[in-house]
Number of protein chains: 2
Amino acid sequence: MKQLAGIFKALSDETRLQMMSLLLRTGELCVCDFVAVLDITQSKASRHLRYLVNAGLLIDRRAATWVYYRVTPEPKAAAAGILSLLSSVLAGQSDPQLSKRLDRWRRKKSCGATCGAPAATRRATTGGKH
Amino acid sequence: MKQLAGIFKALSDETRLQMMSLLLRTGELCVCDFVAVLDITQSKASRHLRYLVNAGLLIDRRAATWVYYRVTPEPKAAAAGILSLLSSVLAGQSDPQLSKRLDRWRRKKSCGATCGAPAATRRATTGGKH
DNA sequence: TGCAAATAACCGTTTAAGCGGTTATTTGCA
DNA sequence: TGCAAATAACCGCTTAAACGGTTATTTGCA
């Protein structure tokens, strides 16, 4: 029962729900994808993703510099049912805004350019240092 | 998406999960039943039940002095799927302790005696007044 | 009408999350 | 080996939730 509450808690945050929604659709994404698509800071993305991993909903995989996340393929007990429910529920109310951003980011990413935030943001950050 | 997060948040507390579990099994209970079966204070029971009502998972019904709660018969959107999932998941891992307490309380209640905590506690409370 | 029971609302305190911003760590590459 | 990118861990602050305890409200009954 306690574990079940933990799973629900992991899903009680909108950012984390969006992350799950993106992963259920795409299969696998790295941190920088979430940063770009959800327009959130890297630390925020990292924190929420770790939260979902700890709850047993995601697994991570390191490939070179990047860490990729995807829905755990072997959910234990309660998690299995919740995950299958989640995919159907989210399909029914998928945020069009989110889909649009995802597509746009995918195109931009495949056009070239490695991971990371758009150039403008990067330049601003660097300039702010002293 | 926000509403969905709210529903999960309502289910992220163990006490509230136990409440849902009891209601899915019994159909309808009043506040004093939760106080007796879960061995929690009245204020705690009341607060958590209201939380579940606000989340759209329960409805309440006043009958004389008592307020009865049951799972909402007309859940909206996301709630419906979650509720049906919940009943199956909870059935799979129902806490034996909880069932035992429920049965014991039911017997005690039907034997006579109105609602409220066991006599001992009631006496103590009254005695403590001044 | 007055009293007792059941319940909801309120209050002050404590605890857990969330956040932005920064620093540390891992990794690939020149 | 040294640098830059991606990510995780850390820090201080703010906010929300949970709790026990108390008070107010509703209701039935004598």
Side-chain angles (χ1 to χ4, degrees), chain A residues 2 5-6 8-19 29-36 38-55 58 60-69 109 113-119 121-130, chain B residues 2 5-6 8-19 29-36 38-55 58 60-69 109 113-119 121-130:
Chain A
K2 199 163 192 174
F8 282 131
K9 192 165 195 175
L11 297 174
S12 71
D13 181 276
E14 204 170 1
T15 299
R16 291 197 289 267
L17 269 186
Q18 289 178 317
M19 287 172 157
L29 293 170
C30 72
V31 179
C32 61
D33 294 326
F34 293 106
V35 169
L38 298 178
D39 192 29
I40 55 180
T41 64
Q42 181 270 326
S43 70
K44 183 174 175 177
S46 174
R47 229 181 307 122
H48 282 298
L49 287 168
R50 184 162 46 84
Y51 204 122
L52 289 168
V53 169
N54 287 340
L58 300 184
D60 57 346
R61 170 179 75 87
R62 174 144 230 146
T65 310
W66 298 279
V67 177
Y68 289 91
Y69 291 86
K109 196 178 179 184
T114 145
C115 259
T121 307
R122 283 240 293 288
R123 223 178 282 128
T125 303
T126 308
K129 244 185 209 164
H130 56 275
Chain B
K2 200 165 192 173
F8 283 131
K9 192 165 195 175
L11 297 175
S12 71
D13 181 277
E14 204 171 0
T15 300
R16 291 196 288 267
L17 270 186
Q18 289 177 317
M19 287 172 157
L29 293 170
C30 72
V31 178
C32 61
D33 293 326
F34 293 106
V35 170
L38 298 179
D39 192 29
I40 55 180
T41 64
Q42 182 271 326
S43 71
K44 183 173 174 177
S46 174
R47 230 181 307 120
H48 282 297
L49 287 167
R50 183 162 45 85
Y51 204 122
L52 290 168
V53 170
N54 286 341
L58 301 184
D60 58 345
R61 170 180 76 88
R62 176 144 229 149
T65 310
W66 298 280
V67 177
Y68 289 91
Y69 292 86
K109 196 178 179 184
T114 144
C115 258
T121 307
R122 282 238 294 287
R123 226 179 280 128
T125 303
T126 310
K129 244 185 211 165
H130 53 278

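In what follows, chains are A, B, ... by sequence order, proteins preceding strands, each numbered from 1. What you see is a predicted model, and the numbers here were worked out from it, not measured in a lab.
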Give the table of side-chain donor-acceptor pairs shorter than 3.5 Å for residues 39-46 of chain B, with sequence neighbours excluded, one pair per line with atom names and distance.
from: B:Thr41; atom 1: OG1; to: B:Lys44; atom 2: N; distance (Å): 3.2

Looking only at side-chain atoms of [X], point me to the closest of [options].
| X | options | result |
| --- | --- | --- |
| B:Trp66 | C:dA6, C:dG20, D:dA6 | C:dA6 |
| B:Lys9 | C:dT7, D:dA16, D:dA8 | D:dA16 |
| B:Val67 | C:dA17, D:dT7, C:dT7 | C:dT7 |

Donor-acceptor pair, A:Asn54 side chain versus A:Tyr51 backbone, under 3.5 Å? no
Just by protein heavy atoms under 4.0 Å, how would nucleotides 23-30 of chain C read 5' to 3' in B, S and -? ----SS--
Would you call A:Leu49 and A:Val31 a side-chain contact if the rule is heavy atoms closer than 4.5 Å? yes
Answer with base, sugar-phosphate or nothing: what part of the nucleic acid does A:Arg47 contact at a heavy-atom distance below 4.0 Å? base
Determine the contact category for B:Phe34: base if any of its heavy atoms lies under 4.0 Å from a base atom, sugar-phosphate if only primed atoms, P, OP1 or OP2 are that close, otherwise nothing. nothing
Identified stems (criterion: three or more consecutive Watson-Crick or G-U pairs, under 3.5 Å), DNA chain C: C:1-30 with D:1-30
With sequence neighbours left out, what residues match B:Arg47 under side-chain hydrogen bond (donor to acceptor under 3.5 Å, both in side chains)? none
Could you list the residues that satisfy ring pair (Phe, Tyr, Trp, His ring centres under 6.0 Å) with A:Phe8, not counting sequence neighbours? B:Phe8
Test of understanding: with salt bridge (Lys or Arg N to Asp or Glu O under 4.0 Å), list the residues that count as partners of A:Arg61, not counting sequence neighbours. A:Glu28
